**Q** 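Right, I'll just put the structure down here and ask away after.
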Amino acid sequence: MIPETMNGSTTGQKVAEIWGAVLQLASLSDNVSFLDLGGDSLAAMSCIARLRTCFGVEFTIEDFFLIDSTIANFSRMIDEVEPPVPGRA
């Protein structure tokens with residue numbers, strides 16, 4: 001099941017799916033930080049690996065512990081590196 005997010009973008013949905021699977025959450029807000037969702041360093045490492053596999057984008061563990069470590073911001077960073085492709089799952 002893909003967690004529901006507010007922005008509905010393809011990238012945002014995929015990031016939410018990854019974070020939801022790692023954090024075992026069915027519903028996520030785009031603007032809540034990774035830490036506030038219950039993330040820790042082990043979860044961050046798992047997300048880093050999954051985001052790399054899915055998008056080919058490298059994140060650091062520090063990226064997950066910034067004040068603005070939200071699905072919305074991660075989606076924006078991914079789209080800046082890799083423009084969204086229509087219909088990408």
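Any value given below was found using the heavy atoms of this structure, including those in side chains, with hydrogens, waters and symmetry copies removed. From a predicted model like this one, the values you see are computed outputs, not experimental measurements. One-based numbering along the sequence shown.
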**Q** I would like to know whether Met45 and Ile48 meet side chain to side chain contact (heavy atoms under 4.5 Å, CB included); could you show each step before the answer?
**A** CA-CA 5 Å; Met45 293 303 294; Ile48 288 168; 4.1 Å; yes
**Q** Taking Asp63 for its side chain and Thr60 for its backbone only, find out whether a donor-acceptor pair lies under 3.5 Å.
**A** yes
**Q** Given side chains that start at C-beta, do those of Leu51 and Val57 come closer than 4.5 Å, heavy atoms only?
**A** no
**Q** With a 3.5 Å distance limit and no angle check, can you tell me whether Thr70 reaches the backbone of Asn31 through a side-chain donor-acceptor pair?
**A** no
**Q** List the atom of Gly12, the atom of Ser75, and the distance in Å for their closest heavy-atom pair.
**A** CA-OG, 3.1 Å
**Q** Mind checking the CH2-CG spacing from Trp19 to Leu28? Nearest 0.5 Å is all I need.
**A** 8.5 Å
**Q** Please round to the nearest 0.5 Å and tell me the distance separating atom CG of Leu66 and atom OG of Ser33.
**A** 10.0 Å
**Q** Any side-chain heavy atom of Phe65 within less than 4.5 Å of one from Leu35?
**A** yes
**Q** Please report the closest heavy-atom contact between Leu23 and Ala43, naming both atoms and the distance.
**A** CD2-CB, 3.8 Å
**Q** Answer whether the closest heavy-atom distance between the side chains of Phe55 and Asp79 falls below 4.5 Å.
**A** no
**Q** Is it the case that one hydrophobic cluster holds both Phe59 and Val81, taking links as side-chain heavy atoms less than 4.5 Å apart, direct or via other members?
**A** yes
**Q** Quick check for you: to the nearest 0.5 Å, what is the distance between Asp68 atom CG and Asn73 atom CG?
**A** 4.5 Å
**Q** How long is the gap from OG1 on Thr53 to CD1 on Ile18, to the nearest 0.5 Å?
**A** 8.5 Å
**Q** List the steps and the verdict of side chain to side chain contact (heavy atoms under 4.5 Å, CB included) for Phe34 and Phe74.
**A** CA-CA 10 Å; Phe34 182 75; Phe74 270 73; 5.9 Å; no
**Q** How many angstroms lie between OG in Ser69 and CG in Asp36, if you round to the nearest 0.5 Å?
**A** 8.0 Å
**Q** Atom OG1 in Thr11, atom CD1 in Ile71: separation rounded to 0.5 Å?
**A** 12.0 Å
